[in-house]
Amino acid sequence: MIKKVLVANRGEIAVRIMRSCREMGIKTVGVFSEADRSSMHVRYADEAYFIGPSPSAESYLRMDRILEVAKKSGADAIHPGYGFLSENASFSALCQKEGIIFIGPDPYAIETMGDKITARKSMIAANVPVVPGTTEPITDLKKAVEVIKEIGLPVMIKASAGGGGKGMRLVKEESKIIDAVSAARSEAKAAFGDDAVYIEKYIASPHHIEFQILGDKHGNVVHLFERECSVQRRHQKVVEETPSPIMTPEVRAQMGEAAVAAAKAVNYHGAGTIEFIVDDNLNYYFLEMNTRLQVEHPITERVVGVDLVKQQINIANGLPLKFKQEDLKQSGHAIEVRIYAEDSDNNFMPSPGTIKHITEPLGLGVRHDGYAYEGYEIPMYYDPMISKLIVWGETREEAIARLKRALYNYKITGVKTSIPYLHRILEVPAFVEGRYNTHFIEENQQYLQPRRHCSGRCEDVAAITAFFDYLTKLEKLQPAVPSKELGSSWKDFGRKRSILRL
Ligand code: MV4
């Protein structure tokens with residue numbers, strides 16, 4: 001049984017993994033780069049080791065150094081978190097070879113799902129619906145034109161080694177096919193060292209809905225329902241929620257079965273996510289599988305009542321899943337927002353710097369997964385995500401109201417954050433009504449622009465307005481009204497404000 005876990009990651013996810021380890025009585029080993037000497041995951045770990053310079057290629061991506069630390073510290077397992085080495089088949093293989101348990105799937109599953117063409121083939125073989133398109137790499141340009149005419153324009157050209165929006169191209173006109181395919185191939189070659197591309201029919205206004213799955217080493221696979229992730233900006237998720245506002249019980253059951261079949265097709269063990277695109281008629285198509293724990297996993301944990309990291313560790317230990325599909329239920333509604341150190345009012349420029357003050361929201365139904373503390377300097381080398389705010393409500397309405405309240409209670413100074421932007425998203429009618437797809441952000445720009453006249457602090461504008469009202473009254477009514485009453489509107493506003501703004 002695993003007694004000591006090396007967490008090969010940093011930031012909020014490293015801390016989150018260590019929390020579950022602590023509850024399980026498992027010791028934790030942290031690793032850190034130059035820029036992370038004073039990072040929270042180093043303080044939280046039972047022991048921590050320096051692994052190299054700040055750039056991740058010289059630290060968090062160094063398999064040799066991480067394995068050396070694992071051996072030296074006596075860790076029996078490595079949890080890769082998300083990003084970095086989490087979907088690296090060679091690392092999973094290397095751990096196996098060195099006798100260290102990789103808390104994640106085996107190299108075969110990572111490799112099969114990492115190559116989008118082999119993933120599509122496996123899904124077709126397993127009767128999982130995929131987007132209509134090709135199942136072999138496109139090499140012949142003439143053939144590409146034929147195939148595309150057959151599929152029908154518009155189409156997407158995607159890099160087999162890509163994923164998550166990298167190396168994609170939309171083609172709308174026949175005359176552009178040849179140029180687009182050759183450009184996509186050379187881009188793919190340059191970006192991934194692999195020029196294999198494939199073609200899919202373009203799904204015009206899709207939802208991004210993903211299913212969480214868990215598989216053990218005995219062939220049991222269950223799904224833990226869906227997450228609606230359509231609120232994205234440049235392939236970065238901004239808000240995630242579960243259940244999806246567009247889902248029906250019938251489609252949910254079907255997609256859940258498809259997700260389980262997808263995982264079984266590659267003998268998957270561990271936690272994984274099957275991404276689907278879903279059109280307005282709830283036709284769904286397999287897009288890709290993420291063979292790791294995801295950023296947005298907490299909303300599933302909250303609504304299904306399962307600690308996914310504990311499950312990953314139990315699975316890695318070879319234990320069978322303790323629950324069957326029929327034991328799992330969704331209860332209430334959860335929403336997550338990602339808080340970034342960025343200036344959403346200035347083209348989302350990263351805003352690294354030192355956190356001067358941080359007050360995290362508390363209270364019923366609020367979870368905050370973060371790692372920042374007062375005086376902490378957010379390094380410029382890594383993803384600028386500071387934390388995730390996860391709320392739960394009995395209903396979607398309650399969850400939204402609670403999220404607004406929690407964001408209002410969330411105070412960070414020293415760096416700019418995306419909090420004002422998140423407030424604006426929660427006011428967009430299409431979001432409030434649960435009618436949104438992956439075009440949500442671009443279609444609702446008018447609601448999402450910075451409020452130039454009050455830069456997110458409309459209460460200050462209200463205070464100034466009240467003050468001018470007061471001056472106006474003062475002028476008009478001076479002779480007739482006793483001064484005690486004159487100040488009332490201004491003073492009351494000030495009092496109300498100081499109470500409410502606590
Ligand atoms: C698509 C698509 C439409 N049709 N494939 C973007 C990320 C990557 N995982 C796949 N993506 C898409 N693939 C076909 N055949 C539209 C997208 C897409 C998208 C998908 C999910 C979430 C946000 C998105 C934003 C733009 C495009």
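Throughout, residue positions are numbered sequentially from 1 according to the sequence presented. Both counts, for ligands and for their atoms, begin at 1 and track the order of listing.
- Heavy-atom distances between His439 and ligand 1 stay at or above 4.0 Å for every pair.
- Between the side chains of Thr417 and Tyr410, no donor-acceptor pair is found at a separation under 3.5 Å.
- For ligand 1, the atoms sitting less than 4.0 Å from at least one non-hydrogen atom of Thr438 are 21 (C), 22 (C), 23 (C), 24 (C), numbered in the order shown with element in parentheses.
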Go through the steps to decide whether Tyr82 and Asn290 satisfy the test side-chain contact (heavy atoms from CB on, under 4.5 Å), and finish with yes or no. CA-CA 10 Å; Tyr82 51 68; Asn290 301 313; over 6 Å; no
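- Of the protein's non-hydrogen atoms, Met156 CE, 3.9 Å is the one closest to atom 16 (C) of ligand 1.
- Protein heavy atom closest to atom 9 (N) of ligand 1, with residue, atom name and distance, is Glu288 OE1, 3.4 Å.
- For Arg120 and Tyr285, the positive end is not near the middle of the six-membered ring at less than 6.0 Å and at most 45° from its axis.
- Of the possible donor and acceptor atoms, none in the side chain of Tyr436 sits under 3.5 Å from a partner among the backbone N and O of His439.
- Listed by number with element, the atoms of ligand 1 under 4.0 Å from a non-hydrogen atom of Leu287 are 9 (N), 10 (C).
- Ligand-side atoms of ligand 1 in range of Glu275: 9 (N), range being under 4.0 angstrom from any heavy atom.
- Inspection of the Gln212 and Gln294 side chains reveals no N or O donor paired with an N or O acceptor under 3.5 Å.
- Taking every non-hydrogen atom of Tyr202 and a distance limit under 4.0 Å, the qualifying atoms of ligand 1 come out as 3 (C), 4 (N).
- For CD of Gln254, the number of neighbouring non-hydrogen atoms (other residues, nucleotides, ligands) closer than 6.0 Å is greater than 12.
- Here the heavy atom of the protein found nearest to atom 15 (N) of ligand 1 is Lys201 O, 2.7 Å.
- The single protein non-hydrogen atom nearest to atom 12 (C) of ligand 1 is Met168 SD, 3.8 Å, given as residue, atom name and distance.
- Among protein heavy atoms, atom 21 (C) of ligand 1 sits closest to His208 ND1, 3.5 Å.
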Quick one, Ile355 with Ile378, criterion side-chain contact (heavy atoms from CB on, under 4.5 Å). Give me CA distance, side-chain angles, the key distance, then yes/no. CA-CA 7 Å; Ile355 306 258; Ile378 298 167; 3.7 Å; yes
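- The backbone and the side chain of Ile203 each have at least one atom closer than 4.0 Å to an atom of ligand 1 (non-hydrogen atoms only).
- Short contacts between ligand 1 and Gln232, defined as distances under 4.0 Å to a heavy atom of the residue, involve ligand atoms 22 (C), 23 (C).
- For ligand 1, the polar-atom distance check against Glu200 finds a nitrogen or oxygen pair separated by under 3.5 Å.
- Annotation: the span from Thr134 atom OG1 to Lys158 atom NZ amounts to 11.0 Å, rounded to 0.5 Å.
- Those atoms of ligand 1 that come under 4.0 Å of a heavy atom in Val131, given as number and element, are 15 (N).
- Contact annotation: for Val155 versus ligand 1, there are no heavy atoms closer than 4.0 Å.
- A side-chain donor-acceptor contact under 3.5 Å links Lys388 to the backbone of Val295.
- Scanning all protein heavy atoms for the shortest distance to atom 7 (C) of ligand 1 gives Gly165 N, 3.4 Å.
- Looking from atom 27 (C) of ligand 1 to the surrounding protein, the closest heavy atom is His235 CE1, 3.9 Å.
- Using a cut-off of 4.0 Å between Lys/Arg side-chain N and Asp/Glu carboxylate O, Glu336 and Arg367 are scored as not salt-bridged.
- With respect to atom 13 (N) of ligand 1, the closest heavy atom belonging to the protein is Lys158 NZ, 3.0 Å.
- Between Glu87 and Arg292 there is a salt bridge, since at least one side-chain N of the basic residue sits less than 4.0 Å from a carboxylate O of the acidic one.
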